[in-house]
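Worth knowing before you read on, the calculation uses all heavy atoms, side chains too, and leaves out hydrogens, waters and symmetry mates.
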Amino acid sequence: MPRAVLKPRSTDEILSLIRWANDSGTGVVPVSSTGRRRRGDTVPARDNVVIADLSGMNRLLHADARDKIAILEAGVDFGTVDDLLQPHGLRALRPLSPRAGKSVLASFLEREPPINANDHWDVADPFGGTLLVLGNGHCAPTGGAAIEGTLAEQLARGHRQMMPIGPTNLDLLRVLQGAQGSLGLMAWAALYCERIPTMERGWFASADALEPVIDLARELLHHRIGNALFIVDRVQLALLLARDAAAFNALCGALPAWTLFVGLSAGRQAPEEKMAWQQADLRAGGERHGVGLAESLAGHTATALGQRLRVAEPVSFRDRVSGAHRELFFLQQLDRAAGFVPLVRDGLTKAGLGHLPLGVYIQPMAQGVYGHIEFTLPYDPDKADDAQRSAAAWQAAAERCADAGAFFSRPYGAWSDLAYRHDDGIRSMMALTKSILDPAGVMNPNRLPYS
């Protein structure tokens, strides 16, 4: 249990809090999302800790439709961000159906992959310049924010915080991404957005095997077709579409094995013409790779799914059917993704859990150079046997994936050991980083293995 929950409302109050923590030896766990949490990284890992709740810092500080960029405070969540941006003709990039209470900045600090695959060029995307508060009690503006003057002064003279890298050759943003609040926190950030399209239309591209679906996805990315693009198996697609257990079971029996969702969009300039050539190229690509195209599957249209993905709900879609789920995700080359599916499925069968549905979600990243591979295991938390056995089987599945080359770039809980198992030298580098940015060890103490 934390000693207290403190709610700073400004950067100055954050600085005061961190400096007090250094003077008193009190740990600080930063939190900016609200609602149910899943991964345990915001639970204090020792005594004498306070929670720094940034959810009240929820203002849109600036928006620029010309440059497609917006400056958000840490507490702006996916349930409200599009309403804030809509008057400026913008909307936020987002991961796959985030919770309404999930902080936008926290999501991208955790490197949750956006479904806007054509806008993902680098691990730092969609960040521009940011304002970090480090564990040593100092402000550290990054990228385009690291120039002379306050934010208000920078904006007044026409400066835009669009560059994520810097100052000079230093890139603290990448260092804090994935650090789970153990080095510092982010007060505000400039984020790249997308302009609200004039036209949108969704398509499903399906096949019995995963490989041709991946090949089509990579071709579409090469030609910059689609503003949203991701791959799911029938279970994961049923979780996205179903509202209850009966609908989920019916969909699992009716949907194809693998489906690529493609969201096409067109802006103000010749929208009909752009939509027409995108659809023609999509059809031609489907024919080349033997992938069938459809506007709807099992009574659900792709366009309606695309619209639903813009509406954040209080509860994760992964919990709608069974009440709880286990997740396993890592990075890997897209052409190796198919090999991990039988590793996880066979492990569940051997553990006597073959009756549980297993969902697979693959998100191309960095223009398809690699991908986020995620497994979802829905289960009933009231069935103690399923809950206990699935926990052991899930850890075994993670170990098998790690041995097969899975890269756990976002280690949570027991995955922390997997992430560092094959490279002991990383711990000393992490310890050196911690000693510079948080020498007193006040930020989310004992969360990551810095020793």
Side-chain angles (χ1 to χ4, degrees), residues 1-22 24 26-45 49-62 70-81 83-85 92 94-95 98-112 126-142 145 150-152 161 172-173 175-191 312 314 437-438 442-445 447:
M1 290 292 290
R3 287 177 55 188
V5 177
L6 309 181
K7 299 187 177 184
R9 296 301 178 98
S10 68
T11 302
D12 287 342
E13 291 188 1
I14 293 174
L15 284 167
S16 296
L17 165 59
I18 300 301
R19 290 167 181 168
W20 165 80
N22 275 268
S24 63
T26 305
V28 178
V29 176
V31 172
S32 51
S33 301
T34 60
R36 182 179 179 182
R37 293 168 172 81
R38 303 199 308 272
R39 298 174 184 137
D41 53 315
T42 55
V43 177
V49 167
V50 297
I51 300 290
D53 182 0
L54 309 183
S55 61
M57 295 178 61
N58 52 13
R59 295 178 299 160
L60 170 65
L61 301 178
H62 175 77
I71 300 177
L72 307 175
E73 288 186 323
V76 176
D77 58 36
F78 284 107
T80 59
V81 64
D83 290 336
L84 294 173
L85 294 174
R94 57 180 57 212
R99 292 186 301 107
K102 180 67 177 181
S103 161
V104 178
L105 300 196
S107 174
F108 295 126
L109 264 176
E110 293 172 18
R111 297 194 296 256
E112 291 188 344
F127 281 114
T130 74
L131 181 64
L132 306 177
V133 179
L134 304 177
N136 58 21
H138 294 286
C139 277
T142 69
T150 65
L151 175 61
Q161 298 73 16
L172 283 176
L173 172 61
V175 177
L176 264 73
Q177 277 188 295
Q180 300 178 24
S182 61
L183 297 175
L185 54 84
M186 182 177 286
W188 56 258
L191 292 179
L437 303 184
D438 182 25
V442 300
M443 298 304 304
N444 207 354
R447 176 54 55 198

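In plain terms, the two heavy atoms of Gly128 and Leu173 that are nearest each other are O-CD2, 4.3 Å. The two residues Pro30 and Gly184 have their closest heavy-atom pair at CG-O, 4.5 Å. Here the closest heavy-atom approach between residue Ser32 and residue Leu54 is recorded as CB-CB, 4.2 Å. Nearest approach of Pro98 to Ala312, heavy atoms of both residues: O-CB, 3.5 Å. In terms of heavy-atom proximity, Ala70 sits nearest to Leu85 at CB-CD2, 3.5 Å. When all heavy atoms of Ile18 and Gly135 are compared, the pair lying nearest together is CG2-O, 3.7 Å.
A distance of 9.0 Å separates CG of Leu176 from OG1 of Thr142, quoted to the nearest 0.5 Å. To the nearest 0.5 Å, the span separating OG on Ser16 from CG on Leu6 amounts to 11.5 Å. Note that the CG atom of Asn136 and the CZ atom of Arg19 stand 9.5 Å from one another [nearest 0.5 Å]. Interatomic distance, CD of Gln180 versus CG of Leu109, reported as 11.0 Å (0.5 Å rounding). With rounding to the nearest 0.5 angstrom, the CG atom of Leu15 is 15.0 Å from the CH2 atom of Trp20. Interatomic distance, CG of Leu185 versus CG of Leu17, reported as 8.0 Å (0.5 Å rounding).
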message: Assess the residue pair Glu13 and Met57 against the criterion (side-chain contact (heavy atoms from CB on, under 4.5 Å)); give the C-alpha distance rounded to whole Å, side-chain angles, the decisive distance to 0.1 Å, and a yes or no.
response: CA-CA 11 Å; Glu13 291 188 1; Met57 295 178 61; over 6 Å; no
task: Test Asn58 against Thr80 for side-chain contact (heavy atoms from CB on, under 4.5 Å), laying out the working first.
output: CA-CA 9 Å; Asn58 52 13; Thr80 59; over 6 Å; no
task: Decide yes or no on side-chain contact (heavy atoms from CB on, under 4.5 Å) for Leu61 and Leu72, but give the supporting numbers first.
output: CA-CA 6 Å; Leu61 301 178; Leu72 307 175; over 6 Å; no
- prompt: Please walk me through it: do Leu183 and Met443 pass side-chain contact (heavy atoms from CB on, under 4.5 Å)?
  reply: CA-CA 6 Å; Leu183 297 175; Met443 298 304 304; 5.8 Å; no
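Among Val442, Asn444, Asp41, Val5, the single residue meeting the side chain to side chain contact (heavy atoms under 4.5 Å, CB included) criterion with Val29 is Asn444. Across Leu172, Leu131, Thr130, a single residue satisfies side chain to side chain contact (heavy atoms under 4.5 Å, CB included) together with Pro141, and that is Leu131. Between Lys102 and the options Glu112, Arg37, Arg94, a side chain to side chain contact (heavy atoms under 4.5 Å, CB included) holds for only Glu112.
When side chains are defined from C-beta on, Met186 counts as touching Phe127, because their heavy atoms get closer than 4.5 Å. With a 4.5 Å cut-off on side-chain heavy atoms, Val76 and Leu105 do not count as touching. For the pair Pro314 and Arg36, the minimum side-chain heavy-atom distance is 4.5 Å or more.
Atom CZ of Arg39 has more than 12 neighbouring heavy atoms from other residues, nucleotides or ligands inside a 6.0 Å radius.
Under the 3.5 Å distance criterion, with hydrogens and angles disregarded, a donor-acceptor pair is assigned to the side chains of Ser55 and Asp53.
Panel note: side chain Arg111, backbone Gln177; a donor-acceptor pair is recorded below 3.5 Å.
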